[in-house]
Amino acid sequence: MALQVYNTLSKKKEDFVPLEPGKVSFYVCGVTVYDHCHIGHARSAIVFDVIYRYLLRVGFQVTYVRNFTDIDDKIIRRAQEEGTDYRAIAEKYIAAFHEDMNALDVLPPSLEPLATENIPQMIEIIELLMEKGIAYQSGSDVYFQVEKYPDYGKLSGRTLEDMVAGSRVEVDPNKKNPLDFVLWKGSKPGEPAWESPWGPGRPGWHIECSAMGERFLGKTFDIHGGGKDLIFPHHENEIAQSEAAHNRTFVRYWLHNGFVNIHNEKMSKSLGNFFTIRDVLERVHPESLRLFVLSKHYRSPVDFSDETVGEAERGLERFYHTLGTVEGRTPPEESPPADDKALRSQDPELFEELERMPLRFREAMDNDFNTAQAIAHLFTLQRHLQRFMDRFGQKKLKGPAAQLARKAHDVLVEHGRVLGLLTRSPGRFMEEQKKLKIQLTGLTEEEVEQLIAARQEARKAKDFGEADRIRTDLEGRGILLEDSPQGTRWRVSV
RNA sequence: GGCGGCAUGCCCAAGUGGUAAGGGAGCGGUCUGCAAAACCGUUAUUCACCGGUUCGAAUCCGGUUGCCGCCUCCA
C-alpha cells in the first residue's frame with residue numbers, strides 16, 4: 001500500500017506520487033517572528049516534523065523548507081514599541097523559535113530562508129504579473145487583481161461572488177475589488193524599505209512564500225503545509241500569484257493541520273487564550289507534549305487541558321517504564337542470537353506483535369499520517385512486552401527470553417522515534433521528568449531523598465505507622481513513592 | 001449571510017460498506033508489611049437524532065439538532 005495524503009485542494013485522500021521519483025519537495029509556512037510561539041505553533045511544527053521524519057523513513061530524499069516571515073506590520077510595530085530595529089526583533093524571536101524547536105525535538109528543516117533575503121525573487125514575480133496585466137499599481141502599492149485569475153477560490157472552496165457577497169472586508173479605495181490583495185506595499189517615511197520598480201517599499205505577506213517556494217523547490221513542488229487558518233487567504237493567494245505568473249501548477253498536495261483549542265475554542269493571539277511553548281515546557285515534558293499532539297489526527301482540532309495533557313504524560317511514563325524494565329533486566333546483547341523459532345516459543349503472542357509492528361505502523365502512517373493509530377499499536381506492543389517481563393517477576397532474563405524482550409524493546413523504540421518519541425534513555429527521561437515536576441511541589445530532591453531515607457529506617461524497624469505517615473505526607477505534597485527490591489523510587493504527580 | 005468541518009463508552013480517541021482499536025479514569029483480582037507501579041479481568045447489541053440505499057452502514061445519501069472553524073492578522 002502506498003502513502004495517501006489528504007489534499008485540501010481536492011478535499012480527498014490521494015495517493016502520494018512525488019514529481020520526481022524518490023524525491024520530495026516540501027514547504028511549510030513558518031512563523032512571523034514578532035513574539036514567542038504558542039502551542040498552536042508547536043502543534044504545527046510537531047505535525048510537520050513527523051511528516052518529515054516519516055517521508056525520510058520510507059526512503060524519500062526530502063528537501064524541507066520552512067521560512068521565517070521577518071518583515072511585516074506586526075514586527076515593525078513591535079520594533080517601534082521597543083525603540084529598536086525590525087531586524088533586532090526578528091533576530092530575537094528567531095533565536096527563541098529555535099530554542100523552542102530544539103526543546104521539542106523538532107528536526108531542523110533543510111532550509112530556513114528569511115523573507116528579507118528573497119526580495120529580488122518576489123519583485124521578479126510581481127513584475128511578471130504586472131507585464132501580464134494581472135497586477136496593478138495603485139498609489140504606492142501594487143495589488144493582485146483577483147478577477148484576472150479565474151481559479152481564485154479553488155483551495156478554500158468558494159467563489160469570488162460568495163466572498164464579495166458576505167464580505168466583512170472594508171472597502172479600500174485603492175483596490176479595484178475588495179478581495180484584491182497587496183503584492184508590494186509602499187513604505188511610509190521611517191519604515192523599512194527596499195527599492196523596487198514601484199518605489200521603496202516592502203513585500204506583501206503572501207508573495208514571500210511564492211518566491212521562496214519557487215526559488216528553493218521549483219515552480220511546481222510536491223507538498224505545501226501549514227495551519228488550517230492559512231488556507232484563506234494566505235495559501236489561496238499564493239496559488240493565485242504563482243499560477244497566474246507561470247501558468248502552471250504551484251503545489252501538488254496541500255496539507256493543513258487543525259487547531260489547538262482551549263475549552264473548545266481556537267487558541268489565538270487575538271483571543272488571548274494562548275500558552276507559549278516555553279511556559280508549557282516549564283511544567284510539561286516536551287515528549288509528553290509531543291505524545292499529546294500526536295494522539296489525535298493532525299487535521300482534527302485538539303483540546304489542550306491539564307487533563308488531556310496529563311493523560312499523555314501517564315502514557316509516556318508507561319512506555320519508558322517498560323523500556324527501563326527491559327534494559328534493567330536483560331543483557332544488552334547476546335551472541336549467537338536465537339533464531340525466530342526459539343524467540344517465538346518464548347511468547348508467541350509477543351513475537352507476533354513485534355513481527356506485525358512494522359507493517360501495522362506503516363499502514364497507519366500511510367493512511368494520511370494516522371499517528372493516533374500508530375501510537376495505539378505502540379501501546380499494544382508495550383503491554384505485551386510488559387506482560388512478558390512480569391511473568392519473570394523480578395528475575396533477570398537471559399537466553400532467548402532476554403533476546404525476545406530486547407527485540408520488542410528495540411522495535412518499540414525504533415517506531416517511537418519516527419514520531420520523535422522514546423528518543424531518550426528511560427533513566428534520562430525519568431530524571432528530566434523529576435527535575436521538571438519537583439519545581440511544582442516546592443520541595444527539593446534532597447528533601448525528598450531525606451524523607452525517603454527516614455521512612456526506610458522506620459520500615460526496617462517495622463515501624464509501619466511512621467513509614468506510612470511519611471509516605472502519606474509526601475503524597476499530599478505531590479510525591480508518590482514506589483517500593484521495589486531495588487529500593488524506593490519516587491515520582492511527582494501534580 | 002456564504003463556505004467547510006465535527007458529533008463514537010465516565011473522559012481522550014482510532015475507525016475510509018462486513019459486524020466497535022488504543023489510552024486515561026473507575027471497579028474486582030494478582031503482587032506488596034500496607035501501598036504505589038505493573039499485569040489480569042471488567043465498563044458501547046451500540047456510534048447525536050430521523051429517514052433512505054444495501055444481503056449488510058459508525059462508515060454512503062437526504063434531512064434535523066448541537067458544537068467548532070474560515071470568510072480580517074493568525075499554526
Side-chain angles (χ1 to χ4, degrees), chain A residues 4 6 8 11-13 28-32 34 37-48 72-74 153 156-159 161-170 179 205 225-234 236 256-261 264-271 274 291-292 295-297 299-303 305 307-315 317-318 321-322 325 360 364 367-368 370-380 382-384 386-391 393-394 459 462 464-465 467-468 471-472 475 480-484 488-491 493:
Chain A
Q4 292 203 312
Y6 181 88
T8 307
K11 301 194 202 317
K12 284 198 296 268
K13 261 183 226 172
V28 172
C29 284
V31 295
T32 301
Y34 72 104
C37 288
H38 58 61
I39 52 179
H41 299 106
R43 183 182 192 191
S44 185
I46 289 168
V47 159
F48 288 109
D72 105 310
D73 290 353
K74 292 189 291 292
S156 50
R158 43 195 130 189
T159 63
E161 295 74 60
D162 289 344
M163 289 188 272
V164 175
S167 181
R168 288 189 271 149
V169 179
E170 276 178 49
L179 289 158
W205 174 36
K228 270 191 157 72
D229 45 1
L230 298 182
I231 294 172
F232 192 91
H234 186 50
E236 193 72 71
H256 292 97
N257 67 275
F259 300 129
V260 175
N261 290 164
N264 212 23
E265 272 198 337
K266 178 185 171 179
M267 168 175 344
S268 77
K269 283 274 165 72
S270 37
L271 288 171
F274 64 93
L291 181 59
F292 163 74
S295 294
K296 194 155 180 181
H297 189 87
R299 281 189 278 119
S300 310
V302 59
D303 209 64
S305 70
E307 201 187 342
T308 53
V309 173
E311 284 180 12
E313 290 184 302
R314 285 186 289 278
E317 281 172 7
R318 235 151 83 85
H321 174 264
T322 296
T325 303
R360 299 172 88 187
N367 183 12
D368 195 29
N370 194 335
T371 53
Q373 196 166 51
I375 288 167
H377 295 325
L378 295 181
F379 271 115
T380 303
Q382 175 274 329
R383 192 156 42 78
H384 279 88
Q386 182 67 52
R387 183 192 298 166
F388 180 67
M389 296 307 290
D390 281 1
R391 263 187 18 208
Q394 295 295 329
R459 290 180 74 204
K462 302 260 187 252
F464 294 119
D468 290 351
R471 185 172 63 197
T472 309
E475 203 178 311
L480 297 182
L481 301 190
E482 293 172 19
D483 296 330
S484 80
T488 298
R489 275 204 314 254
W490 61 274
R491 63 196 177 88
S493 107

Candidates [options] - which lies nearest the side chain of [X]:
X        : options                : result
A:Lys266 : B:rA75, B:rA35, B:rC39 : B:rA75
A:Arg314 : B:rG24, B:rG22, B:rC39 : B:rG24
A:Asp468 : B:rG33, B:rC3, B:rG24  : B:rG33
A:Asn264 : B:rC68, B:rA13, B:rC11 : B:rC68

Would you mind checking if [Y] and [X] are paired as a salt bridge, meaning a charged N to carboxylate O distance below 4.0 Å?
X        : Y        : result
A:Asp303 : A:Lys296 : no
A:Arg471 : A:Asp468 : yes
A:Arg489 : A:Asp483 : no

Distance below 4.0 Å between [X] side-chain N/O and [N] OP1 or OP2:
X        : N      : value
A:Gln382 : B:rC39 : yes
A:Arg391 : B:rC39 : no
A:Asn261 : B:rC68 : no

| Looking only at atom types and distance, does a side-chain atom of A:Ser44 sit under 3.5 Å from a main-chain N or O of A:Gly40, one as donor and one as acceptor? |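 Between the backbone of A:Gly40 and the side chain of A:Ser44 there is no qualifying donor-acceptor contact (under 3.5 Å).
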| message | For a quick check, tell me whether the side chain of A:Arg471 and the base of B:rA35 share a donor-acceptor pair closer than 3.5 Å. | response |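 Flag set: donor-acceptor pair detected.
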| message | Could you tell me the Watson-Crick or G-U partner of B:rU30, where both distances fall under 3.5 Å? Say none if there is no partner. | response |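 Across all strands, the one nucleotide that pairs with B:rU30 is B:rA38.
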| said: Need one value for A:His321: base, sugar-phosphate or nothing, where a base atom within 4.0 Å counts as base even if backbone is also close, heavy atoms only. | reply: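 Here A:His321 touches the backbone only, sparing every base.
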| Which is true for A:Glu482 with a 4.0 Å heavy-atom rule: it touches a base, it touches only sugar-phosphate, or it touches nothing? |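 Counting heavy atoms under 4.0 Å across all strands, the contact made by A:Glu482 includes a base.
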| Centroid under 5.5 Å and tilt under 30°, A:Phe259 to B:rG69 |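 Aromatic stack with B:rG69 absent for A:Phe259.
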| query | Where each residue is assigned the nucleotide of RNA chain B containing its nearest heavy atom, which of A:His297 and A:Glu317 is assigned the position nearer the 5′ end? | reply |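 This one resolves to A:His297.
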